[in-house]
Amino acid sequence: MDDIDIEEVIGWAREGGAIARRSFRNVVGQRKADRTWVTEADVAIEQALVARLTERYPDHGIIGEEQTRRGLDHEFLWALDPLDGTAVFLAGLPTWGVSLGLLRRGEPYLGVIYLPLLDDCYWSLPGGSAFLNGQPIHVAPPHEWDGDDWIATPSNIHRRYDIDFVGKTRSIGATVGSFCYVARGSAVGGLANHFAIWDVAAGIAILQASGGVALGLSGAQLDTRGLLDGRAHDEPVLIGAPAHVQALRAVVRPRERA
């Protein structure tokens with residue numbers, strides 16, 4: 001699909017970021033049925049992105065966190081998270097972002113993630129490289145970990161996992177942030193759990209283009225095709241360079257739930 005203008009998609013992500021910045025620290029959240037947060041910014045950004053995509057790519061499907069469902073069986077499907085990290089957005093923290101992922105036949109094809117308060121834009125091209133603000137990025141190369149290495153983790157890690165990792169664990173507060181910091185080689189790996197396709201479509205595309213993989217703790221490849229109806233994926237998934245992911249499988253263990 002050579003007619004995807006990545007600069008245009010980046011522009012849309014930046015437009016979404018501008019919408020969010022206008023209400024940052026001056027917004028009230030509401031709980032959805034699944035107890036996650038939503039704000040007026042989430043809804044407004046998704047509406048703006050859907051309008052742009054519908055006009056530019058009328059033959060593409062769209063699935064968004066805020067209930068957009070169009071053409072889920074189309075060859076090309078955009079997965080939108082208008083404001084990933086709404087809880088940290090409401091908390092006044094800076095690591096939330098706007099995420100647009102394009103899937104082709106259910107597989108990640110390209111991705112754009114924009115972190116507005118940091119003015120960092122990550123993107124990947126089909127079959128190509130991954131970039132941060134125009135500069136190529138790569139996952140951290142295999143090396144022996146030390147105390148300064150870190151992995152990106154969910155905020156509930158203290159309740160759900162036992163981790164025997166020599167370095168640090170850090171919660172970015174948004175799934176897109178974890179994928180971005182792993183893809184750029186800042187974190188040696190990451191852990192994600194309970195996510196939907198809009199949370200990870202762009203992140204996986206960027207991760208793969210940067211040389212990384214996403215594997216379940218079982219070692220199974222993450223299959224995004226099973227998530228196209230919006231269902232949540234519950235198996236913990238590790239991300240990073242292949243060697244780091246395999247090593248993390250040995251030190252990350254889910255706790256038995258009472």
- Can you tell me if Asn193 and His233 form a side-chain donor-acceptor pair at under 3.5 Å? no
- Message: Quick check: do His74 and Leu77 have side-chain heavy atoms less than 4.5 Å from each other?
- Response: no
- If you measure from CG on Leu53 to CG on Leu80, what distance do you get to the nearest 0.5 Å? 6.0 Å
- From Ile172 atom CD1 to Ser155 atom OG, the distance as rounded to the nearest 0.5 Å: 11.5 Å
- Note on the structure: Scanning both residues in full, the closest heavy-atom pair of Val188 with His244 reads O-CB, 3.5 Å
- Message: Taking atom CD as the centre, does Glu55 end up with more than 12 heavy-atom neighbours from other residues, nucleotides or ligands that are less than 6.0 angstrom away?
- Response: no
- Query: Any chain of hydrophobic side-chain contacts (each under 4.5 Å) joining Leu222 to Leu248?
  - Reply: no
- Query: Would Leu118 end up clustered with Phe179 when hydrophobic side chains under 4.5 Å apart are linked, directly or stepwise?
  - Reply: no
- Can you find a heavy atom in the side chain of Ile113 that is under 4.5 Å from one in the side chain of Val176? yes
- Verify, without hydrogens or angle tests, whether His138 (side chain) and Gly211 (backbone) share a donor-acceptor contact under 3.5 angstrom. no
- Task: Measure the spacing between CG of Leu228 and CG of Leu72 and express it to the nearest 0.5 Å.
- Result: 7.5 Å
- Query: Is Asp120 close to Cys180 at the side-chain level, that is, under 4.5 Å between some pair of heavy atoms?
  - Reply: no
- Please test Ile151 against Leu191 for side chain to side chain contact (heavy atoms under 4.5 Å, CB included), starting from the C-alpha separation and ending with a verdict. CA-CA 8 Å; Ile151 58 174; Leu191 174 67; 5.9 Å; no
- Task: For Arg69 and Gly64, indicate whether the former's side chain and the latter's backbone hold a donor-acceptor pair under 3.5 Å.
- Result: yes
- Do the side chains of Leu238 and Leu217 get nearer than 4.5 Å, heavy atoms only? yes
- Message: Donor-acceptor check, side chain of Lys168 to backbone of Asp149, threshold 3.5 angstrom: yes or no?
- Response: no
- Message: Looking at every heavy atom in both Pro82 and Glu65, which two are closest together, and how far apart are they?
- Response: CD-CB, 4.2 Å
- Task: Taking all heavy atoms of Gly240 and all of Val245, pick out the closest pair and write down the distance.
- Result: N-CG2, 3.4 Å
- Query: Between Phe131 and Gly134, which heavy-atom pair has the shortest distance, and what is it?
  - Reply: CD2-O, 3.8 Å
- Would Phe76 and Ile4 satisfy side chain to side chain contact (heavy atoms under 4.5 Å, CB included), going step by step from the backbone distance to the final call? CA-CA 11 Å; Phe76 290 95; Ile4 298 291; over 6 Å; no
- side chain to side chain contact (heavy atoms under 4.5 Å, CB included) evaluation trace for Tyr114 with Ile10: CA-CA 8 Å; Tyr114 180 52; Ile10 290 169; over 6 Å; no
- Apply salt bridge (charged side-chain N to carboxylate O under 4.0 Å, His left out) to Asp119 and list each qualifying residue two or more places apart in sequence or on a separate chain. Arg14
- Query: Would you say the side-chain atoms of Thr54 pair up with the backbone N or O of Ala51, donor to acceptor, closer than 3.5 Å?
  - Reply: no
- Query: What are the two closest heavy atoms between Ala241 and Val139, and how far apart are they?
  - Reply: CB-CG2, 3.8 Å
- Message: For a 4.5 angstrom cut-off between non-hydrogen side-chain atoms, does Tyr181 reach Arg170?
- Response: no
- Count the heavy atoms of every other residue, nucleotide or ligand shown that sit under 6.0 Å from CD of Glu8, and state whether that count exceeds 12. yes
- Query: Is there a path from Phe195 to Tyr122 through hydrophobic residues (I, L, V, M, F, W, Y) whose side chains come within less than 4.5 Å of each other?
  - Reply: no
- Hey, is the main chain of Ala48 close enough, under 3.5 Å, to the side chain of Trp12 for a donor-acceptor pair? no
- Item | Flag side-chain contact, heavy atom, 4.5 Å: Leu103 against Ile197 | yes
- Taking side chain as C-beta onward, heavy atoms only, is Val237 less than 4.5 Å from Ile239? yes
- Item | side chain to side chain contact (heavy atoms under 4.5 Å, CB included) evaluation trace for Thr224 with Ile204 | CA-CA 9 Å; Thr224 52; Ile204 293 174; 3.8 Å; yes
- Task: Output the distance between atom CD (Gln208) and atom OH (Tyr109), rounded to the nearest 0.5 Å.
- Result: 13.5 Å
- Do side-chain atoms of Arg225 reach the backbone of Glu107 as a donor and acceptor pair under 3.5 angstrom? no
- Between atom CZ of Arg56 and atom CH2 of Trp78, what is the distance when rounded to the nearest 0.5 Å? 9.5 Å
- Task: Check the pair Phe24, Phe89 against ring pair (Phe, Tyr, Trp, His ring centres under 6.0 Å), reporting the backbone distance first and the verdict last.
- Result: CA-CA 7 Å; Phe24 184 59; Phe89 177 77; 5.5 Å; yes
- Task: For side-chain hydrogen bond (donor to acceptor under 3.5 Å, both in side chains), just list the numbers for Glu235 and Ser218, CA-CA rounded to whole Å, side-chain angles, deciding distance to a tenth of an Å, and then say yes or no.
- Result: CA-CA 9 Å; Glu235 183 188 7; Ser218 66; 2.9 Å; yes
- Query: Is the count of non-hydrogen atoms from other residues, nucleotides or ligands lying under 6.0 Å from Arg160 atom CZ greater than 12?
  - Reply: yes
- Side chains of Tyr161 and Val252: closer than 4.5 Å at any heavy-atom pair? yes
- Exercise: do Thr68 and Glu46 side chains pair donor with acceptor under 3.5 Å: yes
- One should read off an interatomic distance between Trp198 CH2 and Ser99 OG, to the nearest 0.5 angstrom, of 12.0 Å
- Message: Side chains of Thr39 and Gln30: any donor to acceptor distance under 3.5 Å?
- Response: no
- Message: Just to verify, which of Leu125, Leu100, Ile6 counts as forming a side-chain contact (heavy atoms from CB on, under 4.5 Å) with Leu110?
- Response: Ile6
- Examine distances only and state if a side-chain atom of Asp84 and a backbone atom of Thr175 form a donor-acceptor pair shorter than 3.5 Å. yes
- Query: Okay, side chain of Asp199, backbone of Ala196: is any donor-acceptor separation there less than 3.5 Å?
  - Reply: yes
- Message: Quick check against the 3.5 Å criterion: does Arg255 have a side-chain atom that pairs as donor or acceptor with the backbone of His158?
- Response: yes
- Are Val112 and Val50 connected, step by step, through hydrophobic side chains (Ile, Leu, Val, Met, Phe, Trp, Tyr) whose heavy atoms are closer than 4.5 Å? yes
- Item | Shortest non-hydrogen contact between Trp96 and Pro116, atoms and distance | CZ3-CG, 3.4 Å
- Item | Main-chain N/O of Thr153 paired with Thr169 side-chain donor or acceptor, under 3.5 Å | no
- Sequence neighbours excluded, the answer for salt bridge (charged side-chain N to carboxylate O under 4.0 Å, His left out) partners of Asp234 is none
- Query: Does Val88 share a hydrophobic cluster with Leu115, counting links as ILVMFWY side-chain heavy atoms below 4.5 Å and allowing steps through other members?
  - Reply: no
